[in-house]
K.L.:
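Let me give you the structure first, and then I'll get to my questions.
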Amino acid sequence: MPAHSTHDTPRDGTDGARNGSAAAPDTGVPAETNASAGTAAPARTAAPAGTVAPAEAVTPLLRGIAVLSRLTEAPGGTLSLSALEKTTGLARSTVDRLTATLARMGHVRLDGRDVTLAPRLMELGNAYLAALRLPALLSARADELADELDESVSLAVGDRDGIRFIHQATRRRAMSLSFRIGDLLPAERTAPGPLFAAEWTDSDWRRWRERRSADPKDHTFPAVPPREHPTPDKDFARRTARAATDDHALDDQLIEPGLVALSVPVRDPGTGRVACVASVVSHTSRHTAPDLRTALLPRLRAAVAAMEDGLRTAPPPAPGPPRAGLATWTGASKQELGREFVESLARGLTVLTAFDEGRSALTLTQVAQATGLARATARRALITLGHAGLLAPAPGNTFTLTPRVLSLGFPPLSRTSLPEIAQPHLTALADRVHESTSLAVLSESGEEIQYTARASTTRVLSARVTVGARLPARATALGHVLLALPEARTQGYALVDEELEAGLRSLAVPVRDRTGRVVAALNVAMHAARRTAAACRTDILPELSRTATLIEADLSVAGRFVHVPLT
């Protein structure tokens, strides 16, 4: 299918748009007032319950969003294909094609009959966080406050009648927080909630009451335990009124027993409205809620004042170059994979990545230019994403991403470690070269390497080490790379022959983070009789380097706004 085609050709109802009003005026506004009463929305989409999809909404895009939402809610971000069929209500053939497309995009990984979220999906949430700018401008202040207080500190934004975390600086303790970046919490059970609710309109309050009535135990908020003792609506209204007066709010064990939090709003210097809320979170064995306010409120206010000053003095963002060739890539993928690639789903998700720092609000024309999509195709994608709640109209006929973009895989993936990122790539490398592969980091002393991930083969004779094992750094190829010894630094790899053990030959390359710093090393180890040193360089090194590049690409996406543990 041509990359710039104006219409998606329907195939079994999956790769087509609802284009019954394709000739409608090009308003560029994804308003639900254009909805066709006779058109039913796809099952289990991210759109608000009870709403009807607009006539021009792209059905495969809504279905793909539903698949990603179900995976996000699943333990470990993994579901079987049959479980996805059941939870989305979609036909198995449709699920197969949607997941194949998401896998082609690098957003999920297919492992037999299982589908697992992949780190590359975080580029969607990264687009929202970059366009928002708050994590880049305020996270260092939040981290400093967490170090100063020795307590967890979070930043949250309002998301309709809930709050969603955009940054977490947690303390490592036996009793620690399990909230993740992107997690959604009901406003009334949090400290930030009343501060956001102080700016709610009558329709916001009405929507909140409707949600409370429909879901009294908060089952639609998987990040929090079900509500055991529902409180009257007037209790939250009183907390909101007090927060508006005090300019701070407390959570006294509203989420669950033992958890307390103190929040102060960070206001936009230009409008005076709440841009985000900074919170100090603790537990009752360290602070009661009143004690938290008495002991820590002055320091939290000082940190928030510094954050607001940072917002006031921050230079305007310089927009980077938009990602090139996106429409060309989707068109080429369609030509290669045929009906197994749902091009309209790929195009729709591509629209989210048009936003970034310096491109926080875009017109329809700018979205089309940034993605390379035809204007009509971009327009239908915007309508669909607006219906799903992932973007909203803004002044000047522009659109902005909403916090709900973080609901597409970001919470579970925000806790991904480097070994977890690397493991599927190690397994694929071991299958290709038929040798054992490993990932290692340097120990704190700098004298040893520690194995953090590995994939073995079915050979009778192979290198066998366990994850967690340590070996002398200077006797291993992995150690040569991590220590940046002159030869390894010059060549970009290290080849070690029988230094650690007779007959053992190992080839290793560095793995770098998004700043270019070497954070780990990747190797292939084998018996010296199977390949000469020259054969290792010609046969193994290209595959090893390619795998390191794939790991680095995933690590770069995962580590843009999240700290990725190395072990």
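The first residue of the sequence shown is numbered 1, and numbering continues consecutively from there.
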K.L.:
Using a 3.5 Å distance criterion without hydrogens, assess whether the side chain of R404 forms a donor-acceptor pair with backbone atoms of L391.
P.N.:
no

K.L.:
Please walk me through it: do L195 and S263 pass side-chain contact (heavy atoms from CB on, under 4.5 Å)?
P.N.:
CA-CA 8 Å; L195 295 166; S263 294; 3.8 Å; yes

K.L.:
Using the side-chain contact (heavy atoms from CB on, under 4.5 Å) rule, take T78 and V115 through it: C-alpha gap first, then chi angles, then the decisive distance, then the call.
P.N.:
CA-CA 6 Å; T78 299; V115 185; over 6 Å; no

K.L.:
Could you label the plane-to-plane angle of the W205 and F236 rings as parallel, tilted or perpendicular, counting under 30° as parallel and over 60° as perpendicular?
P.N.:
tilted

K.L.:
Could you please spell out the steps behind the side chain to side chain donor-acceptor pair (under 3.5 Å) verdict for D291 and T294?
P.N.:
CA-CA 5 Å; D291 173 56; T294 302; 5.7 Å; no

K.L.:
With sequence neighbours left out, write down each residue that passes ring-ring contact (aromatic ring centres under 6.0 Å, His included) with F165, or none if nothing qualifies.
P.N.:
F179

K.L.:
Hey, is R113 close enough to D96 for a salt bridge, meaning N to O under 4.0 Å?
P.N.:
no

K.L.:
Is it true that a side-chain atom of T201 and a backbone atom of D204 form a donor plus acceptor pair closer than 3.5 Å?
P.N.:
yes

K.L.:
If we only count heavy atoms from C-beta on, is the R267 to R273 side-chain gap below 4.5 Å?
P.N.:
no

K.L.:
For the residue pair S344 and V58, what are the closest heavy atoms and their distance?
P.N.:
CB-CG1, 3.7 Å

K.L.:
Evaluate the criterion salt bridge (charged side-chain N to carboxylate O under 4.0 Å, His left out) for residue pair E552 and R514; output intermediate values, then yes/no.
P.N.:
CA-CA 7 Å; E552 289 172 348; R514 61 181 295 109; over 6 Å; no

K.L.:
What pairs with A553 under side chain to side chain contact (heavy atoms under 4.5 Å, CB included), at least two apart in sequence or on another chain?
P.N.:
R120

K.L.:
Would a 4.5 Å heavy-atom cut-off, applied to side chains only, mark L117 and L71 as touching?
P.N.:
yes

K.L.:
Evaluate the criterion side-chain contact (heavy atoms from CB on, under 4.5 Å) for residue pair I163 and V277; output intermediate values, then yes/no.
P.N.:
CA-CA 9 Å; I163 67 119; V277 169; over 6 Å; no

K.L.:
Under the side chain to side chain contact (heavy atoms under 4.5 Å, CB included) rule, collect the residues that match up with E210, sequence neighbours excluded.
P.N.:
R206

K.L.:
Give a yes or no on whether the backbone of A455 and the side-chain of T427 come within a donor-acceptor separation of less than 3.5 Å.
P.N.:
no

K.L.:
Does A136 have any side chain to side chain contact (heavy atoms under 4.5 Å, CB included) partners at least two apart in sequence or in another chain, and if so, which?
P.N.:
none

K.L.:
Are the side chain of R109 and the backbone N or O of T116 linked by a donor-acceptor pair below 3.5 Å?
P.N.:
no

K.L.:
Can you sort out the partners of S139 under side chain to side chain contact (heavy atoms under 4.5 Å, CB included), two or more places apart, ordered by chain and number?
P.N.:
H167

K.L.:
Let me confirm one number: the CG-CG distance from L297 to L292, rounded to the nearest 0.5 Å.
P.N.:
9.0 Å

K.L.:
Just so I know, are the side chains of Q423 and L439 near enough to count as touching, which here means a heavy-atom distance under 4.5 Å?
P.N.:
no

K.L.:
With side-chain contact (heavy atoms from CB on, under 4.5 Å) as the criterion, how do L79 and R70 come out once you've worked through the C-alpha distance, each side chain's angles and the decisive distance to 0.1 Å?
P.N.:
CA-CA 8 Å; L79 283 175; R70 300 293 80 76; 4.1 Å; yes

K.L.:
Any chance you could lay out the side chain to side chain donor-acceptor pair (under 3.5 Å) test for S282 and E151, step after step, and finish with the verdict?
P.N.:
CA-CA 6 Å; S282 188; E151 299 286 0; 3.1 Å; yes

K.L.:
Counting N and O atoms only, with roles assigned by atom type, does the side chain of S213 sit under 3.5 Å from a partner on the main chain of R209, one being a donor and the other an acceptor?
P.N.:
no

K.L.:
Between E188 and R211, is the salt bridge (charged side-chain N to carboxylate O under 4.0 Å, His left out) condition met? List the steps.
P.N.:
CA-CA 12 Å; E188 69 275 11; R211 187 262 295 167; 2.8 Å; yes

K.L.:
Check whether any side-chain heavy atom of Y128 lies under 4.5 Å from a side-chain heavy atom of F355, and answer yes or no.
P.N.:
no

K.L.:
Under 3.5 Å, side chain of R359 to main-chain N/O of A354, donor-acceptor pair present?
P.N.:
yes

K.L.:
What are the two closest non-hydrogen atoms of T72 and G409, and how far apart are they?
P.N.:
OG1-N, 2.8 Å

K.L.:
Indicate the atoms forming the closest heavy-atom contact of S417 with V564, along with that distance.
P.N.:
C-CG1, 3.8 Å

K.L.:
How far apart are the closest heavy atoms of A169 and D143, and which atoms are they?
P.N.:
CB-OD1, 3.3 Å

K.L.:
Under the rule for salt bridge (Lys or Arg N to Asp or Glu O under 4.0 Å), what residues qualify as partners of E357, not counting sequence neighbours?
P.N.:
R133

K.L.:
Counting only heavy atoms not in R242, do more than 12 fall under 6.0 Å of its CZ?
P.N.:
no

K.L.:
To the nearest 0.5 Å, tell me how far L555 CG sits from H425 NE2.
P.N.:
10.0 Å

K.L.:
What heavy-atom pair brings E228 and K217 nearest, and what distance separates the two atoms?
P.N.:
O-NZ, 4.4 Å

K.L.:
Using 0.5 Å steps for rounding, measure from the CG atom of L408 to the CD atom of E123.
P.N.:
11.5 Å

K.L.:
Run D251 and R239 through salt bridge (charged side-chain N to carboxylate O under 4.0 Å, His left out) and show every step you take.
P.N.:
CA-CA 10 Å; D251 167 6; R239 290 180 58 220; 5.8 Å; no

K.L.:
Side-chain contact test, heavy atoms from C-beta onward, threshold under 4.5 Å: evaluate it for R212 versus R227 and give yes or no.
P.N.:
yes

K.L.:
In Å, rounded to the nearest 0.5 Å, how long is the span from CG of D356 to CG of L132?
P.N.:
12.0 Å

K.L.:
How long is the span from the CZ atom in R189 to the OG1 atom in T231, to the nearest 0.5 Å?
P.N.:
9.0 Å

K.L.:
Could you check whether D215 and H219, counting side-chain N and O atoms only, form a donor-acceptor pair closer than 3.5 Å?
P.N.:
no

K.L.:
Taking the side chain as everything from C-beta on, heavy atoms only, tell me whether V557 gets closer than 4.5 Å to P119.
P.N.:
no

K.L.:
If we ignore hydrogens and angles and just use 3.5 Å, is the side chain of R164 paired with the main-chain N or O of A156 as donor and acceptor?
P.N.:
no

K.L.:
Judged by atom type as modelled, is there a donor-acceptor pair below 3.5 Å linking the side chain of D268 to the main-chain atoms of G270?
P.N.:
yes

K.L.:
Looking at every heavy atom in both L138 and C276, which two are closest together, and how far apart are they?
P.N.:
CD1-SG, 3.7 Å

K.L.:
So do F561 and I181 actually touch side chain to side chain, heavy atoms under 4.5 Å?
P.N.:
no

K.L.:
What distance do L385 atom CG and L349 atom CG have between them, rounded to the nearest 0.5 Å?
P.N.:
7.5 Å

K.L.:
Just one of V67, L68, V108 clears the side-chain contact (heavy atoms from CB on, under 4.5 Å) bar with L98, so which one?
P.N.:
V67

K.L.:
With a 3.5 Å distance limit and no angle check, can you tell me whether E308 reaches the backbone of V266 through a side-chain donor-acceptor pair?
P.N.:
no

K.L.:
Look at the side chain of S414 and the backbone N and O of R180, then say whether any donor-acceptor pair between them is shorter than 3.5 Å.
P.N.:
no

K.L.:
Do the side chains of P226 and D218 get nearer than 4.5 Å, heavy atoms only?
P.N.:
no

